Structures are given as C-alpha cells and as structure tokens.
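I have placed the structure first, in the form of structure tokens, so that the comments after it can refer back to it.
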Amino acid sequence: MVNIRAKKSLGQNFLVDGNVISNIVKAADIRPQDMILEIGPGRGALTSRLVEGAARVVAVEWDRELAALLRKELGNHESLEILHGDILRVDFHQILPLSGKDRWKVVANLPYNISSQILFRFIDERALFSELLLMLQKEVGDRLLAPPSCKEYGVLTVLSRLYFDVEKVLPVKPSSFRPIPKVDSVVLRFRILPCPRTDVGDEAFFRRVVKASFSQRRKTLFNCLKSLEYLADEAALRQVFEHVGIDAGRRGETLSLEEFARLSKEMLAAVRG
Ligand code: SAM
C-alpha cells in the first residue's frame, strides 16, 4: 500500500507483526457463514485476512484517504464493503442488516483514543452482535477484567460484566505496530450474553447509580448517591442501604455487580414510593 503518514489524532498504529495478525484471525474463528464488522481497517492488515473466510465483511474507516486506498486494493472482493464513516455515528441498523438468527461478529484493532466510547456504543447496540474481538490499550483491558476493590474497577467494568463475558486472548507488544505506540496492548474477547447477567430492574437508572457511585472515588457511596437527589432526604437514602444490607460508608469500587443491582432496584423502589 502507498505509504501515507499515520494520523495520531485517529489513533493510527498499524499492525505489522504477521504472527499477531495470524493469532487475531485464528481467535476470530471465522466460519464461512460469518458476517463481520471491522472498525478502522486502516491499511487492511486484518481486512485482507478476514475477507478470505467470511461470508461478508463491512469495514468502517473514518480516514477518507485510507478508505479510498483500501477500496482500490481490496475492491475485487465481492464480500467486502468498505465504508467511509465514524464508528461512533454510523447507523448500525442500516449498514449491518440481520437475517434470521445470525448476528454480526466484530473484529478490530481499535483507535485507542475513543475505545471507551466505542465500548459504550456496543453495550447499547449489543442486540446486533454475537461477539467482539478487540485490540485495546492494555490499561483499558485491565479495567475491563478488574475485580471489585481494585483501582482499575470502574463504570466500564461493571457495565461490561452485566452484558458480556470478557476474556483475555493475547498480549501485544508495542513493536508489533507502526508507528510504535508508547503503550502495551491486549486483545480481548467479549461474548454477548443472551440477557443481562443479573436483573438490575430499570437499566437506565442502574447506569445512573453506577456512574454516580464512581463519580468521586474517594467519597463514600452514601455521599456519591446523595448527589443524585432522587430521594427527598438523607434518611430515605440511609433506609435504602439498611434494606439491602450494604454499608453506606463503603466506596463504589468495592461493590460487585450483584450488589449494585440490589442497591439500584431498592433506590428506584424508594424513589417511586
Ligand atoms: N486495522 C488496522 C491495523 O490493525 O493495522 C488499523 C488500526 S488503527 C489502531 C485504528 C484505525 O481506526 C485507523 O485506521 C483509523 O483511521 C481508524 N479510525 C479512527 N477513528 C475512527 C472512527 N471514529 N471510526 C472509524 N475508524 C476510525
């Protein structure tokens, strides 16, 4: 491919390590009937391999120049569609049609600068997908795999645990990319659960409770949740904690998904009276 300068603003670190590329493709376990969404195909390191095995590959690239070049290079593959677009804004329902029970697989070496936003988007749109195989910055991977009471444990950990089974597939060194990034990377697999891991009641309310619980990590749960101002007075909030048997003096980062679920359901019941 013609050598175009990598754009830092688009998180462009291209995979050049043949072993890592092969291991990602192997982990993707592509079947002839598979429909694959690739985010940021870049110079096509993964794309050229994905089109070999899958029924359909849709690749969304935000760099217009790269999308055009890739179309020239791989345009002869009928099963491949290269779209110029922003993965945070494309209409998934329009570009990823579903037929029957089939769901799309996602394979991507993500632009790290927007990886959390991309994950939140996939949480919202998970019904379209069966699994995600994503290369992420190692620190983001650590957050997704962290147990409670760990400093990496946060909103993204709790929400992805609610909707996904997350597993580590492969660590990747900076030398596998050009330009060489300053950070280590990791490939994770997210299997989308057929339904949330635990009943959280109202999911939007649950998210607000989890976000508020981590909003000031040094504050107690009680002080964080007080700021939500859903409950008329502090006594009502104290009663919620008593009912669910969770110490209001704990910090949000110590709560398991199931404890957050209990707390959120009880809070909503109290708010609704
Ligand atoms: N897949 C290629 C590889 O592994 O060599 C490139 C990966 S590079 C880390 C990330 C790619 O995502 C770049 O090609 C970049 O232009 C693209 N990208 C950045 N922001 C994007 C966005 N919002 N939507 C779609 N693609 C984006």
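The first residue in the sequence is number 1, and the count goes up from there. What you are looking at is a predicted structure, and each value in this text was computed from that prediction instead of being measured. Hydrogens, waters and symmetry mates play no part in the numbers below; they use all other heavy atoms, side chains included. Note that ligands are numbered from 1 as they come in the structure, with each ligand's atoms numbered from 1 the same way.
By the criterion of a heavy-atom distance under 4.0 Å, neither the backbone nor the side chain of N113 is placed next to ligand 1.
In this structure, K151 is not positioned above the aromatic face of F214 in the sense of NZ or CZ being under 6.0 Å from the six-membered ring centre and within 45° of the axis. Cation-pi geometry between R238 and F222 is met: under 6.0 angstrom from the ring centre, within 45 degrees of the axis.
The residues E203 and R126 are annotated as salt-bridged, a charged nitrogen and a carboxylate oxygen being separated by less than 4.0 angstrom. Between E167 and R189 there is a salt bridge, since at least one side-chain N of the basic residue sits less than 4.0 Å from a carboxylate O of the acidic one. Between E73 and R43, none of the side-chain N atoms (NZ, or NE/NH1/NH2) sits under 4.0 Å from a carboxylate O, so this pair counts as no salt bridge.
Scanning the protein heavy atoms around atom 19 (C) of ligand 1, the nearest turns out to be L10 O, 3.1 Å. At the shortest separation from atom 16 (O) of ligand 1 among protein heavy atoms lies E61 OE2, 2.5 Å. At the top of the distance list for atom 12 (O) of ligand 1, counting protein heavy atoms only, stands G40 CA, 3.2 Å. Among all protein heavy atoms, the one lying closest to atom 4 (O) of ligand 1 is N109 ND2, 2.8 Å.
Annotation: L88 places no N or O atom under 3.5 Å from an N or O atom of ligand 1; distance criterion only. Of the N or O atoms in R43, none lie within a sub-3.5 Å distance of an N or O in ligand 1. Here's the thing with L15: one of its N/O atoms is less than 3.5 angstrom from an N/O atom of ligand 1. Polar contact check, D86 against ligand 1: a nitrogen or oxygen pair lies under 3.5 Å apart. For a threshold of 3.5 Å applied to N or O pairs, the pair formed by P111 and ligand 1 contains no separation below that value. Ligand 1 has a nitrogen or oxygen under 3.5 angstrom from a nitrogen or oxygen of Q12.
Every atom of ligand 1 is numbered from 1 in the order shown, and the set under 4.0 Å from a heavy atom of G42 is 6 (C), 14 (O). Here is the list of ligand 1 atoms found below 4.0 Å of a heavy atom in L110: 9 (C). Each of the atoms 25 (C), 26 (N) of ligand 1 lies under 4.0 Å from some heavy atom of V60. Of all atoms in ligand 1, listed by their number and element, those nearer than 4.0 Å to a heavy atom of E38 are 1 (N). Heavy-atom proximity to G11, at under 4.0 Å, picks out these atoms of ligand 1: 8 (S), 9 (C), 10 (C).
Contact of the L144 side chain with the L119 side chain is registered, since non-hydrogen atoms from C-beta on lie closer than 4.5 Å.
Between the side chains of Q216 and N223, no donor N or O sits under 3.5 Å from an acceptor N or O. Checking T254 against Y153 by side-chain atom types alone, no donor-acceptor pair falls below 3.5 Å. A donor-acceptor contact closer than 3.5 angstrom is absent between the side chains of E258 and T198.
Among L66, V16, I21, I87, the residue whose heavy atom sits closest to atom 24 (N) of ligand 1 is I87. With distances taken over non-hydrogen atoms, the option nearest atom 2 (C) of ligand 1 out of A6, G44, A45, P41 is P41. With distances taken over non-hydrogen atoms, the option nearest atom 21 (C) of ligand 1 out of W62, F177, F14 is W62.
Counting all heavy atoms, side chain and backbone alike, I30 lies closest to G53 at CG2-C, 3.6 Å.
The local environment of CD in Q33 is crowded, with over 12 non-hydrogen atoms from other residues, nucleotides or ligands closer than 6.0 Å. Annotation: K72, atom NZ; neighbour count of heavy atoms from other residues, nucleotides and ligands within 6.0 Å does not exceed 12.
Assignment of G85 to the shell around ligand 1 is supported, since a heavy atom sits closer than 4.0 Å. Contact analysis leaves K7 out of contact with ligand 1, as no non-hydrogen atom separation drops below 4.0 angstrom.
Between F92 and F129, the gap from one ring centroid to the other is short of 6.0 Å.
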